Colleague: 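Following this message is one structure expressed as structure tokens.
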Amino acid sequence: MLRDDLTHRLQSAVERLKGSVIADTDYSVEFTEPKNPAHGDFATAFALTNSKTTGAPPPLVARALAEALQADSTFTSASAVSPGFVNVTLSDAYLAEWTVRSHRRGEALALSETDRPLKVLVEFVSANPNGPIHVGHGRGAAYGDSLARLLEATGHKVSREFYANDGTNSLQMQLFALSVRSRYRELVGLPPDFPEGGYAGDYIGQIAEEIRAARGDLHGEDGLEFWQPIAQDMMTHWQRRDLEAMHVVFDTWISEQSLHDSGKVAECMERLKQSGVIYEEDGALWLASSKFGDDKDRIVVRSNGQPTYIASDIAYHKDKFDRGWEHLINVWGADHHGYIARASAAIQALGYPKDALEILVMQLVRFLQGNEVVPMSKRSGDMVTLRELMEDVGPDVARFFYLMRSHDTHMDFDLDLAREHSEKNPVYYIQYAHARICSLLEKAKEAGFVADETCASDLADPAERDLIKKVCDLPFEVRRSAQLREVHRMTTYAIELARTYHNFYEKCRVLAPENPERTRARLLLCELTRSALRATFSILGISAPEKM
RNA sequence: GCCCCCGUAGCUCAGGGGAUAGAGCAACUGCCUUCUAAGCAGUGGGCCACAGGUUCGAAUCCUGUCGGGGGCGCCA
């Protein structure tokens, strides 16, 4: 990619200074985009950042470096500036070359190969199957899926997994099933038997209705052994359907109960006992998690003989490794951050390296309507479901809004702004850039113009140069976003790319019969931009409309 | 008490060691007889919570204080 090529050129310029101007050791070398366009296309603070090791004053090093860079025809200018920056300008020919190379890649422009491709399992959402996916889960859904897309774009083998805490001994799950049964009994004319602390949401009644439609009227007296699996299956079906409405599709759905049923949990406990990381005390079995960085040891099997959720969680992570995944990413809500230490301890107790499990925490999202915070409670059923959000604003707007903010920061989701089908809504800003290009390319086709690589050297206008640089930066942005797990960088990039195109569109008329070479060159740039936009949207999981 | 996240424009948030701190929304001013005005250009608006420290250089890193959100179970 262009960035790597520039870095190599900078590196070789630095090499030439070693032993004479600067000390002969390893240096970190980097070009950055200057904020001020008057400072050229790229800049490096090499002389400043390495001032401790070069053994020479920054201004002197900067001057020597600028001179060395001038020997490379890529740079039409390279100037040292106080206190030690070197600003460079790229030649039009160089940018033309990269325009052509990037254009040939099409949407594959976004792809880059990592040095170390891994088999990565991304587990996210993992909501309990006792309620619908709501808009709070939506953030993790959008983030996890787009992170998976970023990892795929950088050459990793990725799978998306949803883990359901559906243990039959779970009080929550039992209450859920009993709540559904009570509503069902009402439907078939039996007296309700709503449990203490049960689930009050309207969806409970809808689940009951769907079960009645599928199973008939004969189950009002049945117990948990009937109701628990039936109610959970129906809820899981809803969850899958609602996530798919936002274009989040999981490769695997794993059931906690299945780990018990298959004996994997018991097997795993036995193994840990044998390796001496589980001990007995007060009648319970404890994991010596404090030996692996946790605050204290944790109970894995209660004194009544029932395993805790940690037991199945340990078995679950072992199972992930057993299935051949080398790197595990868990996307968790902020309310689970207190469990990171014990999860990490668990995999270490199993004998896996600490860094094989990466837990990414999503901070909470609040929904604002007007100036009011929308309340969210599964127990009372007081919530906005993801399904409602899809019907309200659709998957494009929802995903973009979720991804606009860093996953690591709290965010307010402005429902009023999301509902705006106008220029106020930033999603339409970026999609409009794509639709504009499509319309323009259609017009060009009708007029008989075809993009032409051999005309690329005609691109020299500042607006054209800005657009080329921005487009060619796509693989760099993808690589950085993937490495940092910062999906929101891609929304920022999308907005910048769209802005740069809109600016180009205003300043540079594309279709100009009196100047066919320039027209063909600009069409090439438009096609390239369209590919870059599509590839970016694809990572964000939003559509690329051709007309708006 | 301990742990995580946050405090940047009126609001929501980018930027997370470098040059003059940005975007969207809100306010205001211009630009459609030519490829989509869901666009562009511009104006106003900031002790980057506060106090120390590290550094040639701090919104950015460290410590502390204040303020907000979340979490600390033989619940999942």
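In what follows, chains are A, B, ... by sequence order, proteins preceding strands, each numbered from 1. This is a predicted model, so every value here is computed, not measured.
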Colleague: Could you tell me whether A:Ser439 contacts a base, only the sugar-phosphate backbone, or nothing, with contacts defined as non-hydrogen atoms closer than 4.0 Å?
Modeller: base
Colleague: Of all the choices, B:A76, B:A38, B:C35, which nucleotide is nearest to the side chain of A:Tyr432 once you look at every atom?
Modeller: B:A38
Colleague: P atom, B:G71 versus B:C25: distance in rounded Å?
Modeller: 34 Å
Colleague: Please report the closest heavy-atom contact between A:Lys470 and A:Tyr493, naming both atoms and the distance.
Modeller: O-OH, 2.7 Å
Colleague: Classify the nucleic acid contact of A:Met411 as base, sugar-phosphate or nothing, counting any heavy atom under 4.0 Å across all strands shown.
Modeller: sugar-phosphate
Colleague: Using a cut-off of 4.0 Å on non-hydrogen atoms, how would the nucleic acid contact of A:Asn87 be classed: base, sugar-phosphate, or nothing?
Modeller: base
Colleague: Which part of the nucleic acid, if any, lies within contact of A:Ala433, taking any heavy atom under 4.0 Å across all strands shown: a base, the sugar-phosphate backbone alone, or nothing?
Modeller: nothing
Colleague: Hey, is the side chain of A:Lys443 poking within less than 4.0 Å of OP1 or OP2 on B:U36, counting only N and O atoms?
Modeller: yes
Colleague: Please check if the number of heavy atoms outside A:Lys264 that lie under 6.0 Å from its NZ is greater than 12.
Modeller: no
Colleague: Hey, does A:Glu442 reach any base, or is it just sugar-phosphate, or nothing, if we go heavy atoms under 4.0 Å?
Modeller: nothing
Colleague: Measure CG/A:Asp294 against C1'/B:G71 and give the value in whole Å, please.
Modeller: 14 Å
Colleague: Which value, in whole Å, describes the distance between the C1' atoms of nucleotides B:U63 and B:U55?
Modeller: 16 Å
Colleague: Heavy atoms under 4.0 Å, any strand shown: does A:Ser406 hit a base, just sugar-phosphate, or nothing?
Modeller: sugar-phosphate
Colleague: So, OP1 or OP2 of B:C75: does either fall under 4.0 Å of a side-chain N or O from A:Arg302?
Modeller: yes
Colleague: Is the shortest side-chain N/O distance from A:Lys424 to OP1 or OP2 of B:C25 below 4.0 Å?
Modeller: no
Colleague: Below 3.5 Å, does any donor atom in the side chain of A:Thr409 face an acceptor in the base of B:C5, or the other way round?
Modeller: no
Colleague: According to the 5.5 Å centroid and 30° plane-angle thresholds, does A:Tyr429 stack upon the nucleobase of B:A38?
Modeller: no
Colleague: When you measure from the side chain of A:Asp335, which nucleotide among B:C6, B:G18, B:G71 comes out closest?
Modeller: B:G71
Colleague: From CZ of A:Phe401 over to P of B:C25, roughly how many Å is that when rounded to an integer?
Modeller: 10 Å
Colleague: Report yes or no: is there a donor-acceptor pair, N or O only, under 3.5 Å between the side chain of A:His502 and the base of B:C40?
Modeller: no
Colleague: Need one value for A:Val361: base, sugar-phosphate or nothing, where a base atom within 4.0 Å counts as base even if backbone is also close, heavy atoms only.
Modeller: nothing
Colleague: Charged N to carboxylate O below 4.0 Å: is that the case for A:Asp294 and A:Arg298?
Modeller: yes
Colleague: Can you say whether the rings of A:Tyr203 and A:Phe176 are parallel (under 30°), tilted (30 to 60°) or perpendicular (over 60°)?
Modeller: parallel
Colleague: Looking just at side-chain N and O atoms, do A:Gln348 and A:Ser344 make a donor-acceptor pair shorter than 3.5 Å?
Modeller: yes
Colleague: Tell me what A:Glu546 touches on the nucleic acid: a base, only sugar-phosphate, or nothing, going by heavy atoms under 4.0 Å.
Modeller: base
Colleague: So which nucleotide from B:C40, B:U36, B:U55 ends up closest to the side chain of A:Tyr505?
Modeller: B:U36
Colleague: Given B:G39, B:C3, B:A76, identify the nucleotide with an atom nearest to the side chain of A:Glu506.
Modeller: B:G39
Colleague: Is the distance from OP1 or OP2 of B:C6 to the nearest side-chain N or O of A:Arg405 less than 4.0 Å?
Modeller: no
Colleague: Could you check whether A:His336 gets within reach of a base, just the sugar-phosphate, or nothing at all, counting any heavy atom under 4.0 Å?
Modeller: base
Colleague: Would you indicate, yes or no, if B:A41 has its OP1 or OP2 atom less than 4.0 angstrom from a side-chain nitrogen or oxygen of A:Asn503?
Modeller: yes
Colleague: Is it the case that over 12 heavy atoms from other parts of the model lie below 6.0 angstrom from the CG atom of A:Asn304?
Modeller: yes
Colleague: May I ask you to say what A:Cys508 touches in the nucleic acid, namely base, sugar-phosphate or nothing, with a heavy-atom cut-off under 4.0 Å?
Modeller: base
Colleague: Please state the C1' separation for the pair B:C11 and B:A27 - nearest whole angstrom.
Modeller: 13 Å
Colleague: Under 4.0 Å between any heavy atoms, over every strand shown, what does A:Leu364 touch: base, sugar-phosphate, or nothing? Just pick one.
Modeller: sugar-phosphate
Colleague: With A:Phe46, which of A:Phe31, A:Tyr27, A:Phe85 fulfils ring-ring contact (aromatic ring centres under 6.0 Å, His included)?
Modeller: A:Tyr27
Colleague: Does the aromatic ring of A:His410 sit over the six-membered base ring of B:G69, closer than 5.5 Å centre to centre and tilted less than 30°?
Modeller: no
Colleague: Taking only the side-chain nitrogens and oxygens of A:Tyr339, find out if one of them lies under 4.0 Å from OP1 or OP2 of B:G71.
Modeller: no
Colleague: So for A:Asp412 and B:U12, does any side-chain atom that can act as donor or acceptor lie under 3.5 Å from a complementary atom in the base?
Modeller: no
Colleague: On the 0 to 90° scale, with breaks at 30° and 60°, tag the A:Tyr279-A:Trp286 ring pair as parallel, tilted or perpendicular.
Modeller: parallel
Colleague: Counting any heavy atom closer than 4.0 Å, what does A:Arg489 reach on the DNA or RNA strands: base, sugar-phosphate only, or nothing?
Modeller: sugar-phosphate
Colleague: Using a heavy-atom cut-off of 4.0 Å across all strands, would you classify A:Lys547 as base, sugar-phosphate, or nothing?
Modeller: base
Colleague: Checking all strands, does A:Arg298 fall into the base, sugar-phosphate, or nothing category for heavy-atom contacts under 4.0 angstrom?
Modeller: nothing
Colleague: Could you tell me how far B:C2 sits from B:U65 if I compare only their P atoms? Round to whole Å.
Modeller: 9 Å
Colleague: Could you give the distance separating B:U12 and B:G53 at their C1' atoms, to the nearest angstrom?
Modeller: 33 Å
